[in-house]
Each structure stands twice: as structure tokens, then as C-alpha cells.
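Below you'll find the structure, written out as C-alpha cells, and then a few comments.
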Amino acid sequence: MSINKELYVTFLKIGGFTLGGGMAMLPVMEKEVVDKNRWIGKRDFLDIVAVSQATPGIFAVDMASHIGYKINGIRGAIAASLGTITPSLVIILAIAICFTTIKDNYWVEAAFKGLRPAVVALITLPMFTMGRNAGIGKWRAGVVWPLLLTVISAVLIWLFGVSPAWIIIGAATLGVIRAVVKSSKK
Amino acid sequence: MISFIQSEVVSGQKWMTESEFTDIVAISQMTPGPIGINAATYCGYTSVVNDPSMIESFGDTPMMLGFMGVLGAIIATASVIWLPFIVMILISKIILRYKNHIITTSIFETLRPAVVGLLVSASLCLLTDINIDNIGNLLKIEDNFGISIDNFGSAEKSPIGFALSIAIFLIVLVGTKRFKWGMIYSLLACAAIGILAFGVLGL
């Protein structure tokens, strides 16, 4: 299979089996792209998440185009993005054309009651592996700032409703300041 | 994203009614795929099929009207993608070129923990109903133990259903983390459990 085809099929799977939007896609994406296909490293994956959060547009498509571009240039980006949107397009059109009353269906609602806690669990998962790659564990060695940054951003978004985009912009600014301070010390 | 679509499509262009829009959000959330794409596809189809001039031209042949709707869906989806796509390619290019520059590496070093914070907050938001407005109420620990009613059900209305939801959450969490269960199988199993417990048994 050519790499573009492989990208398309992989992202088709990712788009077709994740309920609940962008964040729910992350664990599946991480598994397919990092663990299974080994296209990119865990740390690079985390960086792509950061960039996709900070740029406009649909998070999952941003992720797909960035990963695709990294692997096979513009062709790769197009293949991965198309893969991500194909299931949505087909399923939503089928629903729009055939039956608009799916949301009131008793059985669909029952299935969703079982699914929602599971989706929340799956969304919780990536933070463990990603936390390790973000250097949070370094607090044991006395480097506390990564852990602190994680806690502060989590609380700001969770309790105070700050937009994730601001957190990303803020953290990036901190990074620039840090680089300037570091190089001026030398 | 959703509120932005709403202000454009419902209040601005009047392509559909408020309740039609709520339906779209519900359907987008319960079908796989990115919600923004789902919403754009659905909006594209519905607004074309609802449009009076479209009905006038193609109303006699439902097939043709449906085809125009599909076209509308594709146009809406393509429009929501192309600009961010180009921006993303440019950013990828820049990042790949300056990958080893001190400023780039430093930015990513501070970004990584912040992104993890973002993930933590995403799961906390889904898990709990706590925010700064009701933190005073929550100290009483009356409101569903602070656990999200939308995702886990109400402990008051259905204690067994609530306990089952918590159990599903913990089992999927541990099973996927420790025993490397396939996520797709977990989701299928949970849908089946939901149908059985909440549909057949009516918990």
C-alpha cells in the first residue's frame, strides 16, 4: 500500500470510530500514529497537539493535516485530512437524508448512556503517557516548573473557563521569554 | 466553534430554525467524527433542502433536490477546511525548518506541560460539574457528588444507573491502560451494556 493510501485508511479509522469530537480522537490517533505505525515520536505528537490547539480550524483536521504533511508533504496532508472527514460526510449525509429523528430514539439514547462514561475514560488516558513526555515527572529531580504549568493551565480552563487558545499562546510566550533569558545568561 | 456556527447560520443567514440547529448539535455529537465537520455537513444539506428557491426549482424531483443538498454539504465541509488547512501546512513548514532553533525548542518545552494541562482540564470538565460559579454550592457535596450529570446520569434519579456509569468509566480506564484493550471493542461493548441496562432494564 502506498503511504498516501495508508494515511487515508488510518485516518478514516480514526474519524470513523471516535464519538465526541477532537479530544476523543486523541487516544485513538496516538495509538494508530505513534504506537502502531511509528510514523512520529511521542514528543513530536505532543507538539502537534499544541500547534493544532493554537491554530484556527477543526482540531482533528489540523492534527491530520500536520501529521500527514510531516510524513509525506502536501499529498500526505491531503490524504490524512480527507480520511478524517470521509466518515463524517457519509454518516451525516445518510442521517440527514434518511431519518432526522435519530436523536429521539429510545435505543440510541440508551446506548449513549453506556457510551458516555467510556468516552470520558478514553479521553482521560492520553494525559498519562503525554505527561511523561512533557517532563512532568522531573519534579522528583527538583525541576518543578513543568508540573506547575500543567496544574495552572488545567485549573484555569477547568474552573475559570479560560479558552485553551489563550493557554497555548501564554505558554508559547513563556517559552520565548525563557529562551531569551537563557541565551542572555550565556 | 458551535456557537460561531449558530450565530452565522441561524441568526445571520436564517438558513434554519433554532430547533433545527439544536438537532444538528445533538446528531453531530452522537455520530463519529469531528463535530465541526459533522455540523458543517448537516448545515450544508439542510439549508439547501430548506431553501425556497431550491424547492421551487427542484421540488418536483426529490432526487434532484437531494443531490443539490449533497452538493451543499460538500461545499460547506470544503469551505470550513481549506483555510485552516493552508495555515496548517505553512506552520508545519516553518516548524520543520526551524526545528532545532533555540527559540523553537524552548517554546515546545513550555508548551508540552501546558498541553497536558489542557488534556487534564478536558477530562475534568467532562467528569465533573464543577466551575468557579458553583464552587460554593459544591462544598456541600449535594449536587451529584460533583460528578457530571450529562455524562454519568443523576445519582438521585437512578442510583444504580449512576453506579453503573462510574463502574464503566473505571473499568474502561483500567482495562485500556493496564490490559491494552482495543478502544473500538470497548466502545462497542459499552454501547451494548447501555442498551441492555438503560434500554431493556430501564435503569
Side-chain angles (χ1 to χ4, degrees), chain A residues 15-19 21 23 28 46-47 49-50 55-58 60-62 65-66 69 77 85 87-89 91-93 96 103 107 110-118 120-127 130-131 134 146 149-150 153-154 157-160 164 167 171-172 174-175 178-179, chain B residues 26-27 30-38 41-42 45 70 73 77 81 84-85 87-89 91-92 102-103 106-108 110-127 131-132 151-152 165 168-169 172-173 176-177 183-184 186-187 190-191 193-195 198-199:
Chain A
F17 284 100
T18 42
L19 295 156
M23 278 295 169
V28 186
L46 197 52
D47 295 348
V49 175
T55 44
I58 291 151
V61 180
D62 285 350
S65 44
H66 197 136
Y69 184 81
I85 64 164
S88 298
L89 210 63
I91 294 168
I92 293 287
L93 273 177
K103 71 179 168 64
W107 300 105
F112 268 86
K113 280 187 181 161
L115 277 173
R116 283 190 201 111
V120 177
L122 292 183
I123 292 177
T124 308
L125 281 168
M127 67 190 197
M130 292 195 187
L149 206 57
T150 302
S153 4
I157 303 171
W158 176 42
L159 292 180
F160 294 89
I167 301 290
L174 272 180
R178 201 168 142 257
Chain B
I27 291 170
M30 60 173 62
T31 46
I35 287 167
I37 299 288
N38 292 348
T41 306
Y42 200 102
Y45 181 84
V70 172
T77 309
I81 287 178
F85 183 79
V87 172
M88 206 60 201
I89 299 276
I91 291 178
S92 311
I102 175 165
I103 291 187
S106 175
I107 287 177
F108 278 117
T110 49
L111 270 183
R112 280 181 210 127
V115 171
V116 176
L118 223 109
L119 297 174
V120 174
S121 75
S123 46
L124 283 175
C125 287
L126 293 169
L127 203 59
N131 58 49
I132 211 72
N151 290 322
F152 292 86
S165 301
I168 290 177
F169 170 77
V172 171
L173 191 67
T176 318
K177 175 115 183 70
M183 294 175 204
I184 291 159
S186 298
L187 287 176
C190 290
I193 292 172
I195 290 172
F198 299 103

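The model shown is predicted, which means the values in this text are computed figures rather than measured ones. Side-chain atoms are counted along with the backbone in the values below, which use heavy atoms only and exclude waters and symmetry mates. Every chain is numbered from 1, with letters handed out A, B, ... down the list of sequences.
Scanning both residues, B:S165 and B:F152, for their nearest heavy atoms gives OG-O, 3.3 Å. When all heavy atoms of A:A172 and B:L111 are compared, the closest pair comes out as N-CD2, 4.0 Å. Residues B:N151 and A:P117 approach most closely at O-CD, 3.6 Å, considering heavy atoms. Smallest separation of non-hydrogen atoms from A:A110 and B:G199: CB-N, 3.5 Å. Closest approach of A:T150 and B:P113 over heavy atoms only: OG1-O, 3.0 Å. Across B:P34 and A:A60, no two heavy atoms sit closer than the pair CG-CB, 3.8 Å.
Taking 4.5 Å as the limit, some side-chain heavy atom of B:I37 sits within range of a side-chain heavy atom of B:I81.
Counting heavy-atom pairs under 4.5 Å between each of A:I91, A:I85, A:I167 and chain B puts A:I85 at the top. Interface summary for chain B: among A:L149, A:V120, A:I157, the most heavy-atom pairs under 4.5 angstrom belong to A:V120. With chain A as the partner, the residue from B:A122, B:A73, B:S123 showing the most heavy-atom pairs under 4.5 Å is B:S123. Ranked by heavy-atom pairs under 4.5 Å with chain A, the first of B:I103, B:T176, B:I89 is B:I89. Most heavy-atom pairs under 4.5 Å with chain B: of the set A:D62, A:V61, A:V49, this distinction falls to A:D62. The candidate from A:D47, A:T124, A:L93, A:L174 with the greatest count of non-hydrogen atom pairs under 4.5 Å with chain B is A:D47.
Heavy-atom distances place both the backbone and the side chain of A:L89 under 4.5 Å from chain B. For a residue to count as touching a neighbouring chain, one of its non-hydrogen atoms must lie under 4.5 Å from one of that chain's; by this rule A:P146 touches chain B with backbone and side chain alike. If you measure heavy-atom distances from B:S186 to chain A, you find no contacts under 4.5 Å at all. B:L124 touches chain A through backbone and side chain together, each having a heavy atom under 4.5 Å away. Neither the backbone nor the side chain of B:I193 comes within contact range of chain A; no heavy atoms are under 4.5 Å apart.
A distance-only check finds a donor-acceptor pair linking the side chain of B:T110 to the backbone of A:A171 [under 3.5 Å].
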